There are 2 protein chains.
Amino acid sequence: MLEHIILGFLMTKDRSGYDLKWLMENSTSYFINASFGSVYPALKRLAQKNLVTLHEAVEGGKYKKMYRITDSGKAAFLQWAEEPIVFERSKQDHLAKIFFYEFIPKETAIGNLKDLAHQVESVAKELTGQKSEKEREVDIYKYYYRYAAMCYGVEYYDFVLRWCGTLIDRLENDPETARSERQR
Amino acid sequence: MLEHIILGFLMTKDRSGYDLKWLMENSTSYFINASFGSVYPALKRLAQKNLVTLHEAVEGGKYKKMYRITDSGKAAFLQWAEEPIVFERSKQDHLAKIFFYEFIPKETAIGNLKDLAHQVESVAKELTGQKSEKEREVDIYKYYYRYAAMCYGVEYYDFVLRWCGTLIDRLENDPETARSERQR
DNA sequence: TAGGTCATGTAAAGAGTTACATGATTTT
DNA sequence: AAAATCATGTAACTCTTTACATGACCTA
């Protein structure tokens with residue numbers, strides 16, 4: 001997966017491992033991200049498979065290892081991209097604890113849910129910022145898929161936020177909801 | 001994570017590894033799932049840490065290894081459950097390919113998106129079935145958190161489906177969207 | 001000149017999946 | 001009798017993160 005993402009970013013221009021990490025952090029982190037510890041080895045593997053080539057360069061007075069996609073790299077990328085999408089039921093770790101909230105005090109539950117909502121709000125704000133930036137700086141028609149993906153992110157966070165809000169509201173205002181019998 | 005989910009399921013009654021796998025498949029798979037290859041070793045680790053105990057039993061003529069949560073297991077579970085939720089930007093693998101769809105033919109993109117929509121529809125239907133079942137069989141007020149989590153799942157799939165639909169619609173009807181210049 | 005950011009990398013550990021292996025019981 | 005399902009488990013592999021290590025350059 002990561003190797004394909006990297007190839008995708010290399011389709012338009014050469015980039016270093018550092019650039020790639022930065023790009024992911026600032027454009028795909030809401031659906032996929034990676035640490036340096038996986039980016040650098042991935043580049044090494046891609047070079048071994050001849051899907052990218054290494055070009056040492058000095059850019060802005062700084063030494064950089066720039067990677068360029070090869071023809072077989074492009075072919076490999078396109079093959080991956082054109083393949084049918086496999087929809088994986090995605091992990092939503094935050095639901096795991098909530099699923100078992102019947103066992104914890106209602107007040108703790110409400111507090112934790114409010115805290116979760118704040119976290120979601122903060123990542124939503126970050127992504128909304130990135131989105132406005134793109135809307136100003138790039139032709140969203142030209143990069144419509146990326147723009148649509150970004151909208152997905154913003155709307156998804158919005159959905160999570162609304163869901164939290166509804167749940168908190170019911171817990172606070174409907175005495176029938178999550179009665180405390182099961183609790184300690 | 002998995003160990004805590006297992007402890008959560010053991011809070012109300014003893015279960016075997018097979019039971020736990022089945023339970024996850026049929027109640028949490030839309031946000032977390034696990035294979036036998038991780039469930040059985042997880043139970044072994046929990047037993048080693050004295051958070052569960054093993055009770056061999058025959059149930060319905062079948063030999064089963066039933067696990068029971070211990071007092072320290074309950075304590076460990078509650079500590080985990082009551083801790084603040086950390087919102088992790090969740091992986092949404094399907095967006096990875098779409099993000100780079102500028103490089104593939106529009107027709108392939110539309111076809112793949114329609115195929116994705118069908119897959120989402122099918123998992124949505126499955127979950128909606130599970131939801132109706134719970135609504136009939138259990139007191140959703142008593143298990144309100146679980147019910148709310150299920151609603152999250154249903155609404156999330158609904159959101160993905162609407163997003164796909166909107167994107168497909170724009171690709172098919174708006175000639176300005178995703179012009180084919182960048183393509184081969 | 002000290003701290004921050006830029007830049008690259010490795011090693012160990014963690015968490016999981018897939019594939020394989022086994023055998024009992026139940027259904028067709 | 002064969003096939004399906006129930007039931008448990010291991011081994012190899014994959015993919016990833018965290019923590020560490022290094023050093024250049026830039027700015028206050």
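Given the structure is predicted, the values throughout are model-derived calculations rather than measurements. Chain identifiers are assigned alphabetically (A, B, ...) following the order of the sequence lines, protein sequences preceding nucleic acid strands; residue numbering begins at 1 within each chain.
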Nearest-Å distance, [atom1] ([X]) to [atom2] ([N])?
| X | N | atom1 | atom2 | result |
| --- | --- | --- | --- | --- |
| A:Lys65 | C:dG9 | NZ | C1' | 8 Å |
| A:Tyr18 | D:dG23 | OH | C1' | 14 Å |
| A:Asn26 | C:dT5 | CG | C1' | 15 Å |

Exercise for the section: Check the pair B:Phe77, A:Phe100 against ring-ring contact (aromatic ring centres under 6.0 Å, His included), reporting the backbone distance first and the verdict last. Expected result: CA-CA 10 Å; B:Phe77 169 77; A:Phe100 293 113; 5.6 Å; yes

Exercise for the section: Determine, using ring centers only, whether B:Tyr101 and A:Tyr144 are less than 6.0 Å apart. Expected result: no

Completion exercise
Out of C:dG16, D:dG9, C:dT10, minimum distance to the side chain of A:Pro41 belongs to C:dT10

Exercise for the section: Choose from C:dG16, D:dT16, D:dT17 the nucleotide whose nearest atom is closest to any side-chain atom of A:Met1. Expected result: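 Ranking C:dG16, D:dT16, D:dT17 by closest atom to the A:Met1 side chain puts D:dT16 first.
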
Practice task
Determine: side-chain N/O of B:Tyr40 to OP1/OP2 of D:dT8, distance under 4.0 Å, yes or no.
Solution key: yes

Handout entry: C:dT26 OP1/OP2 closer than 4.0 Å to side-chain N/O of B:Lys62
Key =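 B:Lys62 to C:dT26 OP1/OP2: no side-chain N or O under 4.0 Å.
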
Handout entry: Short side-chain to backbone donor-acceptor contact, A:Thr108 and A:Ile104, under 3.5 Å
Key =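 No, the answer is negative, given that no donor and acceptor are paired below the 3.5 Å cut-off.
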
Practice task
Please check if A:Leu23 and A:Leu2 belong to a single hydrophobic cluster, counting links between Ile, Leu, Val, Met, Phe, Trp and Tyr side chain heavy atoms closer than 4.5 Å.
Solution key: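 Yes.
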
Handout entry: Sugar-phosphate, base or nothing in reach of B:Asn33, heavy atoms under 4.0 Å
Key =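 If one applies the 4.0 Å heavy-atom cut-off, B:Asn33 turns out to touch the sugar-phosphate alone, with no base involved.
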
